[in-house]
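Letters A, B, ... are given to chains in the order of the sequence lines, protein chains preceding strands, and every chain is numbered from 1. All values below were derived from every heavy atom in this structure, side-chain atoms included, with hydrogens, water molecules and symmetry-related copies excluded.
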There are 2 protein chains.
Amino acid sequence: MTAEPAGPDELDYLSFVDYAVSEAGARLPEIDADALRLVLTLHRVTSAIVYDLESAVHRPRGLSWPGFRVLFVLWIAGPLESKRVAELSGMSRAAVSALVNTLERDGLVSRRQADHDRRAVQLSLTDTGRETIVGDYHAHNEREQAWATTLDPAERAQLVGLLEKLMAGAATAAAKRRF
Amino acid sequence: MTAEPAGPDELDYLSFVDYAVSEAGARLPEIDADALRLVLTLHRVTSAIVYDLESAVHRPRGLSWPGFRVLFVLWIAGPLESKRVAELSGMSRAAVSALVNTLERDGLVSRRQADHDRRAVQLSLTDTGRETIVGDYHAHNEREQAWATTLDPAERAQLVGLLEKLMAGAATAAAKRRF
DNA sequence: CCATAACAATCAAACCTTTGATTAGTTGTG
DNA sequence: CACAACTAATCAAAGGTTTGATTGTTATGG
């Protein structure tokens, strides 16, 4: 009464994947249903984790998810040109520029002209920015642990390995990448 | 000369993960570096795939990634109340409402009042919407295949299994979820 | 040495997202 | 039956994203 192939009325966010794979496969037999399942599952798991982290950790502390990513990159690889922040965080240069307006207004990041190239802008964390990202990242990591402990260490390593392989394949293939 | 632990100047989107894990682990020994690596890798791989699909497949055909997701849900589980679309696509009801303004303007989706509840709105694909999503999904799936073929069938199954386990753990744990 | 191409950042317009009100309709209970 | 509690959708304000144009600076080849 519950393990039946659910009809469209009993679906939820989780079971939608199975339903979509069987429906799409039945309607378009030429597609690769395994690839559909892989990408759909990957997207849903990642979205759930990001939603959890953003709403439970970052928003309550006054940061957006993109804001967190920029502060994290600056904290790890610190002071950097705007262009490098875009590369390392996976955002466009325009998005970094717009986002830094907010972070600068909030006193977390400062801009200054680079010495060697007057076109470039050097971004640094302010003292407040550094305190913010350290505290924020502690809370972030606790939540990451909560997610990660669902898997035992061997499974975690396996998952990371498979994801890295997937990513490496993309570099080889002609995937459209920002960098 | 290349496999050295890269300094901040030689980093790129891919190698940033290793650098971040070692830097964060060194600065904050109390954190769980494995969990950091897992979430960071998962997010970067997924973002790369979504960016590829959106920019190579959907935008050129006039759809945004969120627009694609809504059309896909309606195509698979078709006509649905707005609330159900939000649940199945993982968006907020407000986001669906705003997005459907665009999709309706473009003639892909139609709204009508539900019979059984005058508050509810029933969403359906128009004929154009159905043609659009079928053609679009064919192109989408070809790209999905290109990504998926990096892994052999056993690896793909393993990856999906690990992701499902991760997701199931979240339902159990107190992860903050939309649904 | 100077014109042209390349490049860094920002701007602009259009779109999507979030949270928190608001509006309208439904349901349950005394 | 009336009223309170709840629910569906939309609105509003603030923020973030994209692509493509613009502005200013640097590099290059004739």
Next on the checklist: Rounded to whole Å, how long is the line connecting atom CG of B:L63 with atom P of C:dC15?
Outcome noted: 13 Å

Checklist entry - Between the side chains of B:S15 and B:D18, is a donor N or O closer than 3.5 angstrom to an acceptor N or O? => result no

Next on the checklist: Looking at A:K165 and B:D152, is any side-chain nitrogen of the basic one under 4.0 Å from a carboxylate oxygen of the acidic one?
Outcome noted: no

Checklist entry - Once you round it to whole Å, what is the distance between C1' of D:dT17 and NE2 of B:H58? => result 17 Å

Next on the checklist: Which nucleotide wins on minimum distance to the side chain of B:S97, given the candidates D:dT10, D:dT17, C:dT17?
Outcome noted: D:dT10

Checklist entry - Between B:E144 and A:L36, does a side-chain contact (heavy atoms from CB on, under 4.5 Å) hold up when you go through it step by step? => result CA-CA 7 Å; B:E144 282 177 328; A:L36 161 55; 4.0 Å; yes

Item to check | Non-hydrogen side-chain atoms of A:R84 and A:Q122 separated by less than 4.5 Å | outcome: no

Next on the checklist: Counting only side-chain nitrogens and oxygens, does A:S64 get under 4.0 Å of the OP1 or OP2 atom of D:dG16?
Outcome noted: yes

Item to check | A:L99 CG to C:dC11 P, straight-line distance once rounded to whole Å | outcome: 14 Å

Checklist entry - What is the distance, rounded to the nearest whole Å, between atom CG of B:L103 and atom C1' of D:dA9? => result 16 Å

Checklist entry - Quick one: B:R69 CZ to C:dC15 C1', roughly how many Å, whole number? => result 15 Å

Next on the checklist: Could you check whether B:R27 makes a cation-pi contact with A:W75, meaning its NZ or CZ is under 6.0 Å from the centre of the six-membered ring and within 45° of the ring axis?
Outcome noted: yes

Checklist entry - Tell me: CZ of A:R105 to C1' of D:dG15, nearest whole Å? => result 9 Å

Checklist entry - Taking CZ from A:R93 and C1' from D:dA21, how many angstroms apart are they, rounded to a whole number? => result 13 Å

Next on the checklist: Can you tell me how the ring of B:H140 sits relative to the ring of B:H58, calling it parallel under 30°, perpendicular over 60° and tilted otherwise?
Outcome noted: tilted

Checklist entry - Looking at B:T102, does any N or O in its side chain come under 4.0 Å of the phosphate oxygens OP1/OP2 on C:dC16? => result yes

Checklist outcome for this item: In whole angstroms, the gap separating P of D:dG15 from CG of A:N101 amounts to 11 Å

Checklist entry - Hey, which of these two, A:E54 or B:R59, hits DNA chain C nearer its 5' end, going by closest nucleotide? => result B:R59

Checklist entry - Which nucleotide in the list D:dT18, C:dC16, D:dT10 gets nearest to the side chain of A:A94? => result D:dT18

Checklist entry - Would a distance-only check, ignoring hydrogens and angles, find a side-chain to backbone donor-acceptor pair under 3.5 Å from A:T149 to A:A146? => result yes

Checklist entry - Going by heavy atoms closer than 4.0 Å, what residues in residues 110-122 of chain A are next to DNA chain C? => result A:R111, A:R119, A:A120, A:V121

